[in-house]
Amino acid sequence: MDHKKVRVRFAPSPTGGLHLGGVRTVLFNYLFAKQHKGDFVLRIEDTDQTRYVPGAEEYINECLRWCGLTPDESPEVGGPFGPYRQSERKPLYRQYAEQLVKAGHAYYAFDTPEELESMRERLKTPENPSPQYNHVVRAKMRNSLTLSDAEVQDLLAKNTPHVIRISMPANEDITFTDLVRGEVTFHTSQVDDKVLLKADGMPTYHLAVVVDDYLMKITHAFRGEEWLPSAPVHLLLWKFLGWEADMPQWAHLPLILKPDGNGKLSKRDGDRLGFPVYAMNWRDPASGDITKGFRERGFLPEAFINMLAMLGWNDGTEQEIFSLEELISKFSLERVHKAGAKFDFEKAKWFNHQYIHHKDNESLAALFQPVLDEKGVTAAPDYVATVAGLVKERCYFVNEIWDHGFFFFQSPDTYDEAAVKPKWNADKDAFFQVWSAQLESLSAAPAADLEAAFKALAAEKNLKMGDVQLPFRIMLTGGKFGPPVFDIVATLGVAETRNRIAKGLAAFQ
RNA sequence: GCCGCGUUGGUCAAGGGGUUAAGACGCCUCCCUUUCACGGAGGAGUCACGGGUUCGAUUCCCGUACGUGGUACCA
């Protein structure tokens, strides 16, 4: 049964930003597919025409590209099982719905939205706040089960708006094995007669997911846990359509929860708590509002992916940092956690910090360049790389290279005078005069030599290192921060250093 | 309400009939560094509750509580 080539799919509906939970679903799909030398397909589930959002599909493509999780088949790149947009597959679905009607597993329903509304209103009780269109209710509604054949034919002939609903068995247990949860059982009396084909001729998710997974030869279906309750509908559909032998194995992934309890992590929580939820910036075309993404926040895609992988999965060892290649070889569904995980932005930051810390200086410099451009600063790439190397260990985000190293690009305008002035005196002033002069002969000297010379001079003038090193740092940077002082000198160069000494001396008077 | 799923420190989590119940993030202390950070050494902090089963349950079973998801012509 495992001779089939592994094929998985990610099937988002293009309605807005791509949630990090969605990216994690992509990740697990991708890892599983690549590990088994299988195919990863992207299918766009745009069956709800009322929720169409322009640009959302391109945005999803771009997110996947940024993450490095690109599909083997998609609307964009095509493939042998296209089209990959459900709206373009519309003519396909009706025949399967009709097939189900003929077999007695589905029926036409002519109830208008108003009639449905009033049914729910009428049947609503405190004990049953959400009445379902189920095997008992359907006997009282306007459908091909309650109407005569002649009436049904007449309504159909007149193009009366109607949907096709699945006919759920009244009293059956539906059991299946979920790859992450094990055996799961539902009772058919608890699930209603879901609409399969809408009045506009589009399938609902329920029909489309089954038909397309079948047609696209999907072998493993991963999706969020929120789909678990409707799994019995899908299982039955596979059976009723006669495709049981080809049904994919299911895996319902745990949800990503908000940090402060109470529910799935949503875009709003990110806004409220000050962290991104979407992979990349999303601009709502209707309102023009921009929701910040992990990419723009300064996350490295490797870090983002690594962080997501560890949210609900681990390899059983103490390792936490994994490359994509490692994840591909080590991933296993058996080790996916069953419970939802609260998202911890601090831990996410730590992952990014790790990746920035270990990234090569040149790549970091390239990533940082846009920030420099924005600041209107021009600097040679190798200089930027040197700076990046000097400050990266204290950066959680790429743009923080500026916060920790701005003084490499501009002379400080203000000084932490409180740290210098109280203990400032003529001896120190004199020391720096001499030091500045001495520096002239030290151009191109490495940091260690500069430090040795500085120390020697301090000793000669009977000054303690601590008394002069901090003022020196402040002349260079403006404050009590930055990498080791002599690394700063070596990077800035002697000429600029002497300028800053002169400027500092004037300010410290 | 009903149905499903879940429950190891504040968070991510390993483990799984007998352990001093790993590790990471965060927090605290100390060392290194006369800045900060990195690095290093420590510390506080956990098996939701109640019944079973068992010589022995955090681990297995059953309840309860709590959390979470679903309950649309949305996905």
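Note that the coordinates shown come from a computational prediction; the quantities given were computed from them, not determined experimentally. The chains referred to below are lettered A, B, ... by the order of the sequence lines, with proteins before strands, and numbering in each begins at 1.
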For [N] and [M], measure between their [atom1] atoms and round to the nearest Å.
| N | M | atom1 | answer |
| --- | --- | --- | --- |
| B:rG15 | B:rG52 | P | 30 Å |
| B:rG70 | B:rA75 | P | 14 Å |
| B:rC32 | B:rA41 | P | 15 Å |
| B:rA57 | B:rA14 | P | 25 Å |
| B:rA13 | B:rU71 | C1' | 32 Å |
| B:rU58 | B:rA22 | C1' | 14 Å |
| B:rG45 | B:rC61 | P | 31 Å |
| B:rU7 | B:rU46 | C1' | 13 Å |

Among A:Asp212, A:Asp48, A:Asp46, whose side chain to side chain donor-acceptor pair (under 3.5 Å) with A:Gln86 holds?
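With A:Gln86 as partner, A:Asp212, A:Asp48, A:Asp46 yield a single side chain to side chain donor-acceptor pair (under 3.5 Å), made by A:Asp212.
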Among A:His358, A:Gln354, A:Lys359, the one residue meeting side chain to side chain donor-acceptor pair (under 3.5 Å) with A:Glu302:
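For A:Glu302, the side chain to side chain donor-acceptor pair (under 3.5 Å) check succeeds only for A:Lys359.
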So, under a plain 3.5 Å distance rule, would you say the side chain of A:Lys347 forms a donor-acceptor pair with the base of B:rA24?
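Such a pair is found, so the answer is yes.
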Exam field: side chain [X] to backbone [Y], donor-acceptor pair closer than 3.5 Å:
| X | Y | result |
| --- | --- | --- |
| A:Asp111 | A:Arg142 | yes |
| A:Thr125 | A:Asn128 | yes |
| A:Lys428 | A:Lys423 | yes |

Give [X] one of three labels, base, sugar-phosphate or nothing, depending on what nucleic acid heavy atoms sit under 4.0 Å from its own.
| X | answer |
| --- | --- |
| A:Phe186 | sugar-phosphate |
| A:Ala199 | base |
| A:Pro126 | sugar-phosphate |

Sort me out a list of protein N/O and nucleotides 37-44 of chain B N/O pairs below 3.5 Å, or just none if empty.
from   : atom 1 : to       : atom 2 : distance (Å)
B:rA37 : O2'    : A:Glu393 : O      : 2.9
B:rA37 : N3     : A:Glu393 : OE2    : 2.3
B:rC38 : O2'    : A:His357 : NE2    : 3.3

Is it the case that over 12 heavy atoms from other parts of the model lie below 6.0 angstrom from the CD atom of A:Glu117?
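Not buried by this count: 12 neighbours or fewer within 6.0 Å.
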Using a cut-off of 6.0 Å, state whether more than 12 heavy atoms not belonging to A:Arg268 lie near its atom CZ.
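No, not enclosed.
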Assess A:Lys347 against A:Trp350: is NZ or CZ under 6.0 Å from the centre of the six-membered ring, and within 45 degrees of the ring's axis?
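A:Lys347 over A:Trp350 ring: yes.
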Grab the [atom1]-[atom2] distance between [X] and [N] for me, whole Å please.
| X | N | atom1 | atom2 | value |
| --- | --- | --- | --- | --- |
| A:Lys349 | B:rC27 | NZ | C1' | 14 Å |
| A:Gln49 | B:rA72 | CD | P | 22 Å |
| A:Tyr108 | B:rC73 | OH | P | 19 Å |
| A:Lys124 | B:rG1 | NZ | C1' | 12 Å |
| A:Met310 | B:rC12 | CE | P | 13 Å |
| A:Glu318 | B:rG15 | CD | P | 12 Å |
| A:Lys342 | B:rG6 | NZ | P | 18 Å |
| A:Glu127 | B:rG1 | CD | P | 10 Å |

Strictly below 4.0 Å: does [X] bring a side-chain N or O up to OP1 or OP2 of [N]?
| X | N | result |
| --- | --- | --- |
| A:Lys198 | B:rC74 | yes |
| A:Arg120 | B:rC73 | yes |
| A:Arg51 | B:rA75 | no |
| A:Asn314 | B:rA14 | yes |

Evaluate salt bridge (Lys or Arg N to Asp or Glu O under 4.0 Å) for A:Asp260 paired with A:Arg272, printing each intermediate quantity in order.
CA-CA 11 Å; A:Asp260 46 358; A:Arg272 179 170 60 84; 2.8 Å; yes
Do the non-hydrogen side-chain atoms of A:Pro285 and A:Val53 ever get within less than 4.5 Å of each other?
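SC-SC contact between A:Pro285 and A:Val53 confirmed.
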Say you draw a straight line from [atom1] of [X] to [atom2] of [Y]; how long is it, rounded to the nearest 0.5 Å?
| X | Y | atom1 | atom2 | result |
| --- | --- | --- | --- | --- |
| A:Asp429 | A:Phe508 | CG | CZ | 10.5 Å |
| A:Gln132 | A:Gln190 | CD | CD | 7.5 Å |
| A:Ile256 | A:Asp344 | CD1 | CG | 12.5 Å |

Could you walk me through whether A:Phe299 and A:Phe351 pass ring-ring contact (aromatic ring centres under 6.0 Å, His included), step by step?
CA-CA 9 Å; A:Phe299 273 82; A:Phe351 275 105; 9.7 Å; no
If you take any heavy atom closer than 4.0 Å to RNA chain B, which residues from residues 455-470 of chain A end up in contact?
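Residues of residues 455-470 of chain A under 4.0 Å from RNA chain B: A:Lys464, A:Met465, A:Gly466.
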In residues 176-184 of chain A, which ones come under 4.0 Å of RNA chain B, going by heavy atoms?
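Hits under 4.0 Å, by residue number: A:Arg181, A:Val184.
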Identified ring pair (Phe, Tyr, Trp, His ring centres under 6.0 Å) counterpart of A:Phe28 within the set A:Phe331, A:Trp313, A:Phe222
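Going through the options one by one, the only one that passes is A:Phe331.
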Quiz question: by atom type and distance under 3.5 Å, do the side chains of A:Thr204 and A:Lys194 form a donor-acceptor pair?
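Per modelled atom types, A:Thr204 and A:Lys194 side chains form no pair under 3.5 Å.
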Could you go through nucleotides 65-69 of chain B and list every protein N or O atom that sits under 3.5 Å from one of its N or O atoms, giving the distance for each pair?
from   : atom 1 : to       : atom 2 : distance (Å)
B:rU68 : OP1    : A:Asn262 : N      : 2.6
B:rU68 : OP1    : A:Asn262 : OD1    : 3.0
B:rU68 : OP1    : A:Gly263 : N      : 3.0
B:rG69 : OP1    : A:Lys264 : N      : 2.7

Take A:His337 and A:Asp48, find for each the nucleotide of RNA chain B with the closest heavy atom, and name the residue whose nucleotide sits nearer the 5' end.
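Checking each residue's closest nucleotide, the 5'-ward one belongs to A:His337.
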Can you work out whether A:Thr47 or A:Arg24 has the more 5'-proximal nearest nucleotide on RNA chain B?
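Nearest-nucleotide comparison on RNA chain B picks A:Arg24.
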Indicate every side-chain donor-acceptor pair of residues 465-485 of chain A with a distance under 3.5 Å to a residue at least two apart or in another chain.
from     : atom 1 : to       : atom 2 : distance (Å)
A:Arg473 : NH1    : A:Phe481 : O      : 2.7
A:Arg473 : NH1    : A:Gly482 : O      : 3.3
A:Arg473 : NH1    : A:Pro483 : O      : 3.1
A:Arg473 : NH2    : A:Pro483 : O      : 3.1
A:Thr477 : OG1    : A:Arg473 : O      : 3.0
A:Thr477 : OG1    : A:Gly479 : N      : 3.1
A:Thr477 : OG1    : A:Gly479 : O      : 2.8

Runs of at least three consecutive pairs that involve RNA chain B, where pairs are Watson-Crick or G-U with distances under 3.5 Å
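Stems found: B:1-7 with B:65-71, B:10-12 with B:23-25, B:27-31 with B:39-43, B:48-52 with B:60-64.
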With under 30° as parallel and over 60° as perpendicular, where do the rings of A:Phe409 and A:Phe368 fit, or are they tilted in between?
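It falls in the tilted class, 30° to 60°.
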